[in-house]
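Below you'll find the structure, written out as C-alpha cells, and then a few comments.
Side-chain atoms are counted along with the backbone in the values below, which use heavy atoms only and exclude waters and symmetry mates. We name chains A, B, ... by the order of the sequence lines, and we start the count at 1 in each one. Note that the structure is a prediction, hence the values are computed from the model and not measured.
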Protein chains: 2
Amino acid sequence: MSVSLELQSANRMFEGWHKKYRHRSSALNCEMTFSIYLPPQVDEGIKVPVVYWLSGLTCTDDNFSHKAGAQRWAAELGLALVIPDTSPRGEGVADDPEGAYDMGLGAGFYINATQAPWNSHYNMYDYIVSELPALVEDVFPVSDQRAISGHSMGGHGALMIALKNSDRYSSVSAFAPIVNPTLCPWGEKVFGNYLGDDRSEWQQYDTVELINAGYGKGLPILVDQGSADSFLEQQLLTDNLIAAAQQQKLDAEVRYCEGYDHSYFFMASFIEQHLRFHAQFLA
Amino acid sequence: MSVSLELQSANRMFEGWHKKYRHRSSALNCEMTFSIYLPPQVDEGIKVPVVYWLSGLTCTDDNFSHKAGAQRWAAELGLALVIPDTSPRGEGVADDPEGAYDMGLGAGFYINATQAPWNSHYNMYDYIVSELPALVEDVFPVSDQRAISGHSMGGHGALMIALKNSDRYSSVSAFAPIVNPTLCPWGEKVFGNYLGDDRSEWQQYDTVELINAGYGKGLPILVDQGSADSFLEQQLLTDNLIAAAQQQKLDAEVRYCEGYDHSYFFMASFIEQHLRFHAQFLA
C-alpha cells in the first residue's frame with residue numbers, strides 16, 4: 001500500500017505525540033484531515049492498539065483533540081487515538097442547500113450515500129471501516145486491535161459500525177448516541193437525502209434495527225447518556241436502545257448520568273472510564 | 001458587599017459544576033465574564049480553597065475551561081477554579097490602534113495602567129488581586145485560601161501578583177511565563193503604552209526585578225517551560241528567572257520540559273502536577 005500523508009502539526013503531549021495529517025481519500029474522493037495521538041509506549045517499540053473516535057455534528061477532528069482530555073488516559077493505558085473528520089470536505093463536495101448544520105459538511109453520518117449529489121463523496125462508512133484503518137496500520141506503530149467510540153452522530157457511527165463489523169472491533173462505546181436514526185428528525189432528514197425514500201435501505205445503518213436483527217452478540221458495549229441532554233427526548237431515543245439490548249440479551253451497559261448535558265464537559269467527565277473499558281478488551 | 005452576578009451557563013462536570021458569570025467590575029469600569037469550577041466537595045457543605053488561573057494573550061476564560069482538563073484534578077483534590085478574562089472588554093474600552101494581538105483587548109497583562117487612554121479601564125491588577133476574590137468569597141462556597149497559576153502573559157501575572165502579595169496566596173505556579181517583561185518585546189510594548197516611558201515604573205510588575213528586590217521569600221513556586229516553545233528565547237527569558245531565584249535562594253522549582261511547545265497540549269500534560277502542587281499548601 002502506498003500512501004501519501006502530509007503532516008500538518010505535531011505537539012508533544014503526555015510524553016507522546018498528538019499529530020495532525022492530511023491525505024487523499026479514495027473512498028471520499030477528496031483531501032481529508034485526521035488526528036492521531038501516539039502514546040509514549042511506541043518509543044519502546046510496542047505496536048499499540050487503536051481507539052477510533054467519531055465526532056458529532058459540526059465537529060472536525062479538533063473538538064475531541066482539544067476538549068476531551070482523552071490523551072491523558074491513552075498515555076497511561078498505552079492506546080493510540082485516531083480522530084477522523086465528520087464528512088468529506090472541499091470544493092465540489094455537496095452541502096445542505098440551506099446551509100443547515102445537520103446535513104452535508106460536518107454531517108456525514110458515517111454511511112455510504114447512494115443518491116446524487118451525495119454519492120460522489122459521502123462514503124464515510126467505507127472510509128472509517130476500511131480505508132482509514134488500513135492507512136493507519138500501514139504507516140504508524142499500531143496493531144490491528146481496534147475499539148471504537150463517539151459522540152452523538154459519532155455515537156451512532158461507532159455503535160452501528162461495531163455492530164456490523166464485530167470481527168474488527170473488540171469493544172464499542174458511545175456518549176449521547178443517536179441510537180434509532182430512522183425514527184428521529186436528524187436521521188430522517190439525512191437518510192432520506194443520502195439514501196433515498198425507501199426506508200428499508202435505512203435500517204442497515206440504524207443501531208436499534210441492527211440489534212433487533214441479531215447483530216452485536218458478544219460485543220462489549222458501554223453507553224453514557226446525560227439526563228439533562230436537550231436532544232435526549234426527540235433525537236437520541238436512548239430507551240429504544242435499552243429495550244432492544246435487553247430483548248436481545250446483549251452485553252451492553254447503558255447509563256443515564258444525572259445532570260449532565262450534551263457538551264464536551266460531559267464527555268471529559270467520563271472519557272477515562274470509556275478508555276479503561278476499551279483497554280480491558282484490547283490486547 | 002452587594003454584588004449582581006448574571007449566570008451565563010452551567011455545565012455538570014466531574015460531579016461538580018462548571019459555571020460562567022457576567023458582572024459589573026468597578027476596578028475595570030465595564031462588564032466582565034469569568035468562569036468558576038465548583039468541585040463536588042461543596043455539596044458536603046465544605047468551603048473549598050481556590051486556584052485562580054490567569055490566561056495568556058488573546059484568550060478568554062473559555063480556553064482554559066475547555067482545553068486544560070483541570071477540572072478532573074480539581075474535582076479529585078477538592079479545589080475550586082476561578083478563571084477570569086484577560087482584559088477589560090466592551091464598547092469604549094481602548095484597543096491596539098493597529099488591532100495587534102499583543103496590546104489592548106485580550107492583553108491586559110494584569111497591571112494597572114496609568115496612561116491614557118488605557119487608564120480608564122485597564123486595571124487588571126486590582127481586579128485580580130482584590131475585586132474578584134472579594135466577590136468570589138462573598139458569593140460562592142469557597143474559603144479564603146488561595147493559590148494562583150497561569151500561562152504565558154498569565155504566568156507573568158500569576159508570578160508577579162503572588163510575589164507582591166505572598167500573604168494572600170499560599171503558592172504560585174506558571175506555564176511558559178513571561179518572567180522578565182521589561183526586557184522582552186511584548187513587555188516593552190505594553191508597559192511603554194500602559195505605564196509610560198519611565199522604566200522605573202515598570203519594575204513593580206516584573207517577576208525577575210521583584211525577586212531581585214527581595215520579594216518571594218518562603219513562597220512555594222513551580223514553573224514549567226517547554227524546551228520547544230517558539231517564544232522561549234526572545235519573549236520568555238526563563239533563564240533569567242532561574243538565575244534570580246537561585247541568587248535569592250527562593251523555594252522555586254523551574255523545569256524545562258523536553259519537546260513541549262507553548263500550546264494547551266503542553267498545559268494539559270502538566271496541569272495535574274500543578275494542581276497537586278498547590279493542594280499541598282491549601283488548607
| request: Please identify each residue that fulfils side chain to side chain contact (heavy atoms under 4.5 Å, CB included) with B:Arg24, with sequence neighbours left out. | output: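 B:Asn29, B:Glu31.
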At what distance, to the nearest 0.5 angstrom, does [atom1] of [X] lie from [atom2] of [Y]?
X	Y	atom1	atom2	result
A:Glu15	B:Ser269	CD	OG	7.5 Å
A:Lys67	B:Lys67	NZ	NZ	8.5 Å
B:Arg72	A:Ile271	CZ	CD1	13.0 Å

Heavy-atom distances under 4.5 Å only: say whether B:Tyr264 touches chain A with side chain, backbone, both or neither.
->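 For B:Tyr264, no heavy atom lies under 4.5 Å from chain A.
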Structural part of B:Asn11 lying under 4.5 Å from a heavy atom of chain A
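Both parts, backbone and side chain.
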**Request:** Take atom CD of A:Gln8 as the centre, draw a 6.0 Å sphere, and report whether it contains more than 12 heavy atoms from other residues, nucleotides or ligands.
**Result:**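 More than 12 heavy atoms, drawn from other residues, nucleotides or ligands, come within 6.0 Å of this atom.
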Can you tell me which of B:Phe266, B:Phe270, B:Trp73 forms the most heavy-atom pairs within a distance under 4.5 Å of chain A?
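Between B:Phe266, B:Phe270, B:Trp73, the count favours B:Trp73.
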task = Side chain from CB out, backbone as N, CA, C, O: work out which of these in A:Tyr260 comes under 4.5 Å of a heavy atom of chain B, or both, or neither.
result =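 The answer is both parts of A:Tyr260.
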Next item on the list: Give, as side chain, backbone, both or neither, the part of A:His18 having an atom under 4.5 angstrom from any heavy atom of chain B.
Entry: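 Side chain only.
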Can you give me every donor-acceptor pair (side chain of residues 38-48 of chain B, partner residue at least two apart or in another chain, under 3.5 Å) with its distance?
residue : atom : partner : partner atom : Å
B:Gln41 : NE2  : B:Ala75 : O            : 2.9

Lys/Arg N to Asp/Glu carboxylate O, B:Glu258 vs A:Arg12, below 4.0 Å: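 Salt bridge: no.
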